[in-house]
Novice: 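Below is the structure I would like to discuss, written out as structure tokens.
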Amino acid sequence: MDLAGYNEEMSDSISSDEVKHVANLARLRLTSKELEIFTEQLRAVLDHAKDVEALQLDDIEPMSHPLPIENTM
């Protein structure tokens with residue numbers, strides 16, 4: 001999935017208002033402390049996604065499984 005255009009539209013970090021909005025859509029009631037914690041956690045997830053997207057993987061062959069598996073039958 002190409003997220004290049006999507007990332008350009010996104011701000012650098014997610015705001016607590018956006019987290020509050022998503023929590024409201026999910027019918028979740030968050031305390032102010034929970035809102036602060038979840039905002040930081042979502043920022044970390046989005047930052048990690050940006051790091052993964054920046055990796056140059058053109059010359060890496062896809063694999064079906066990370067571990068060598070043999071048919072046991």
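This chain uses plain numbering: 1 for the first residue, then up along the sequence.
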Novice: Restricting to non-hydrogen atoms, name the atom on Arg29 and the atom on Glu34 that form the minimum distance, rounded to 0.1 Å.
Specialist: O-OE1, 3.8 Å
Novice: Could you report the tightest heavy-atom contact between Thr39 and Ser15, atom names first, then the distance?
Specialist: CG2-C, 4.2 Å
Novice: In Å, rounded to the nearest 0.5 Å, how long is the span from CD1 of Ile37 to CG of Leu42?
Specialist: 12.0 Å
Novice: How close do Leu46 and Ile14 get, heavy atom to heavy atom, and via which atoms?
Specialist: CD1-CB, 4.0 Å
Novice: Would you mind checking if Arg43 and Glu40 are paired as a salt bridge, meaning a charged N to carboxylate O distance below 4.0 Å?
Specialist: yes
Novice: Let me check something: do Leu55 and Ile60 share a hydrophobic cluster, defined by ILVMFWY side-chain heavy atoms less than 4.5 Å apart, either directly or through other members?
Specialist: yes
